[in-house]
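The structure appears below as structure tokens.
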Amino acid sequence: MHAINETVTNLHNGVRVPTLGYRVIPGHANTVNNVLTALSAGIRHFDISSHPDVEKAFAKAASKTNVPREELFLTVRIANEDHGYERAIHAFRNSLTRLQTDYADLLMIDWPNPKMYRDNYEQMAIETWKALETAYKSGAARAIGVANYEARHIEFCLEHSEIAPMVNEARIYPGFPFTDNLYCANEHRIQTEGFLPENYQAVLQSRELGIFAEKYKVTPLQIFVRYLFEKGCIALLYGEDQKELESCFNAYNFQLNPDDVKYMDVMKNYGPENINPDEADF
């Protein structure tokens with residue numbers, strides 16, 4: 001089992017990434033406050049939705065702190081409607097403008113096979129990845145990656161790429177280990193970032209995680225973080241409580257018994273079932 005015990009990990013191109021991050025997503029009225037709370041908790045890695053309002057809110061929050069840009073690790077995303085070479089390049093430039101930064105630490109394709117381009121998947125997938133390679137070669141993106149890719153999408157990208165993805169971000173948590181995709185990513189030295197579903201409280205409030213939290217004298221959220229660390233994954237968080245976010249750093253201070261990890265792999269999934277990227281209605 002490959003466990004992360006450091007607060008940063010190296011991507012295959014040498015870029016260092018904090019192993020605890022925070023997801024900045026749409027649908028929250030207090031995005032600015034949430035980002036400020038995460039910053040106050042010590043988080044420096046932010047996975048930012050491609051939604052323009054979210055990007056602007058992040059920039060506003062960042063402007064209210066004294067944290068220098070070089071201490072932040074910012075992930076920028078290519079949205080479903082922006083696949084294709086020219087659209088992806090244009091969208092990325094607009095995102096940098098809204099975020100008030102000259103570069104992304106990680107540029108990521110948000111979804112492998114959007115419905116609007118599904119009839120022309122292969123060409124669009126190749127073009128979009130080429131746009132990311134262009135951004136990487138120019139220095140506008142320090143690393144490039146994908147999100148929600150299943151093993152077949154990873155393999156297709158590798159077959160048609162000059163530069164291999166450095167990251168795949170995927171929903172992974174106790175009850176949803178995403179084993180095939182994690183194995184595929186590991187095989188190709190692609191770092192996996194894991195996150196809970198947006199209705200994550202159902203997972204954290206499960207009887208099983210409660211038992212493990214009591215066993216290890218930690219919180220269910222810390223169990224989730226350590227579960228990802230035990231699998232060699234970066235852990236991405238949500239949350240509005242500064243103390244709860246701060247407590248997640250305790251996940252560096254304990255380890256899970258391998259048998260407990262195996263149990264969590266096969267426990268009931270309290271989140272949604274797998275969404276097939278090739279059939280989803282978006």
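Reckoned from all heavy atoms, side chains included, excluding hydrogens, waters and symmetry mates. Counting from 1, the numbers follow the sequence of the chain as shown.
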Measure the OG-CG distance between S161 and L132 for me, rounded to the nearest 0.5 Å.
11.0 Å
Is it true that F254 and L228 fall in one hydrophobic cluster, defined by side-chain heavy atoms closer than 4.5 Å?
yes
So, the side chain of Y22 versus the backbone of G239: is there a donor-acceptor pair under 3.5 Å, distance only?
yes
N/O donor-acceptor pair under 3.5 Å between W129 side chain and I163 backbone:
yes
Does a side-chain N-to-carboxylate-O contact under 4.0 Å join E133 and K137?
no
For I275 and A280, work out which heavy atoms get closest and say how close.
CG2-CB, 3.8 Å
Given I234 and H45, is the side chain to side chain contact (heavy atoms under 4.5 Å, CB included) satisfied, shown in steps?
CA-CA 10 Å; I234 290 168; H45 174 179; 3.9 Å; yes
Rounding to 0.5 Å, atoms CD1 (I78) and CG (L107) come to a distance of 5.0 Å
Answer yes or no: does atom CD of E155 have more than 12 heavy-atom neighbours from other residues, nucleotides or ligands under 6.0 Å?
yes
Just do the ring-ring contact (aromatic ring centres under 6.0 Å, His included) check on Y263 and F212 with the steps written out, would you?
CA-CA 10 Å; Y263 182 91; F212 286 119; 5.8 Å; yes
How are the rings of Y238 and Y200 set to each other: parallel, tilted or perpendicular (split at 30° and 60°)?
parallel
Pair K243 + E246: basic N to acidic O under 4.0 Å
no
Evaluate the side-chain proximity of P112 to V146: yes if any heavy-atom separation is below 4.5 Å, no if none is.
no
Common cluster, V24/L99, ILVMFWY with side-chain heavy-atom separation under 4.5 Å
yes
Pair L11, V167 - check side chain to side chain contact (heavy atoms under 4.5 Å, CB included), show working.
CA-CA 8 Å; L11 302 182; V167 170; 3.7 Å; yes
Residues C157 and P165: closest non-hydrogen pair is SG-CG, 3.7 Å
Just checking, R171 and F176: is the charged tip under 6.0 Å from the six-membered ring centre and within 45° of the axis?
yes
Please step through side-chain hydrogen bond (donor to acceptor under 3.5 Å, both in side chains) for the pair H12 and Q191, ending with a clear verdict.
CA-CA 8 Å; H12 69 65; Q191 174 65 53; over 6 Å; no
List the atom of P174, the atom of M267, and the distance in Å for their closest heavy-atom pair.
CB-SD, 3.7 Å
Tell me whether the count of non-hydrogen atoms from other residues, nucleotides or ligands lying under 6.0 Å of CG in D102 goes above 12.
no
Using only atom types and a distance under 3.5 Å, with no angle test, would you say the side chain of Q222 pairs donor to acceptor with the backbone of N250?
no
State yes or no: do F229 and V261 share one hydrophobic cluster built from I, L, V, M, F, W and Y residues joined by side-chain heavy-atom distances below 4.5 Å, directly or via other members?
yes
Looking at E71, I'd like to know if its CD atom is crowded, meaning that more than 12 non-hydrogen atoms belonging to other residues, nucleotides or ligands lie closer than 6.0 Å.
yes
If you count every heavy atom of other residues, nucleotides or ligands that lies below 6.0 Å from D119 atom CG, does the total exceed 12?
no
Quick check: is L204 connected to I25 through a chain of hydrophobic side chains (ILVMFWY, heavy atoms under 4.5 Å apart)?
yes
Can a donor-acceptor pair be found, under 3.5 Å and without considering hydrogens, that links the side chain of D265 to the backbone of P177?
no
Test side chain to side chain contact (heavy atoms under 4.5 Å, CB included) on N113 and F156 and set out the steps.
CA-CA 12 Å; N113 193 5; F156 182 84; over 6 Å; no
Here the gap from I190 atom CD1 to N168 atom CG, rounded to the nearest 0.5 Å, amounts to 7.0 Å
Closest heavy-atom pair, Y117 versus D82, reported as atoms and distance to 0.1 Å, is OH-N, 4.4 Å
For A104 and L96, work out which heavy atoms get closest and say how close.
N-CD2, 3.9 Å
If you define the side chain from C-beta out and look only at heavy atoms, does anything of Q255 sit under 4.5 Å from E230?
yes
Give a yes or no answer on whether the side chain of R44 reaches the backbone of L39 with a donor-acceptor pair at less than 3.5 Å.
yes
Considering all heavy atoms of both residues, which atom of A38 and which atom of L245 are nearest to each other, and what is their separation?
CA-CD1, 3.9 Å
Are Y136 and N13 side-chain neighbours, meaning at least one heavy-atom pair lies under 4.5 Å?
yes
Can you check whether L196 reaches Y270 side chain to side chain, under 4.5 Å on heavy atoms?
no
Are L256 and I223 side-chain neighbours, meaning at least one heavy-atom pair lies under 4.5 Å?
yes
Exactly one of K115, H153, E150 clears side chain to side chain contact (heavy atoms under 4.5 Å, CB included) with D278, and that residue is H153
Could you work out, with side chain to side chain donor-acceptor pair (under 3.5 Å) as the rule, every residue matching T101, not counting sequence neighbours?
R69
Backbone N or O of N33 within a donor-acceptor pair of the N30 side chain at under 3.5 Å?
no
Between T31 and F58, is there a donor-acceptor pair closer than 3.5 Å when you use the side chain of the first and the backbone of the second?
no
Does K215 NZ have over 12 foreign heavy atoms under 6.0 Å away?
yes
Distance in Å, S206 OG paired with Q201 CD, rounded so as to fall on 0.5 Å steps
11.0 Å
Using atom types as modelled and distance alone, determine if a side-chain donor or acceptor of H90 lies under 3.5 Å from a backbone N or O of R87.
no
Hey, is OH on Y183 packed in by over 12 heavy atoms from elsewhere, all under 6.0 Å?
no
Hey, is CZ on R118 packed in by over 12 heavy atoms from elsewhere, all under 6.0 Å?
yes
E214, CD atom: more than 12 neighbouring heavy atoms under 6.0 Å
no
Quick one: CG on N181 to CG on N186, what's the gap to the nearest 0.5 Å?
11.0 Å
Stepwise side chain to side chain contact (heavy atoms under 4.5 Å, CB included) check, N269 with Y173:
CA-CA 9 Å; N269 177 15; Y173 52 89; 2.7 Å; yes
So, does N148 use its side chain to make a donor-acceptor pair with the main chain of D110 at under 3.5 Å?
yes
Side chain proximity check, E193 to M108, heavy atoms < 4.5 angstrom
yes
Under a 4.5 Å cut-off applied to non-hydrogen side-chain atoms, are L106 and V17 in contact?
no
Would you indicate whether the side-chain heavy atoms of L237 and V225 approach each other to under 4.5 Å?
yes
Please round to the nearest 0.5 Å and tell me the distance separating atom CZ of F195 and atom CZ of F224.
9.0 Å
Mind checking whether W111 and V54 sit in one hydrophobic cluster, side chains of I, L, V, M, F, W, Y counted as touching below 4.5 Å?
no
Side-chain donor/acceptor of T75 to backbone N/O of I48, under 3.5 Å
no
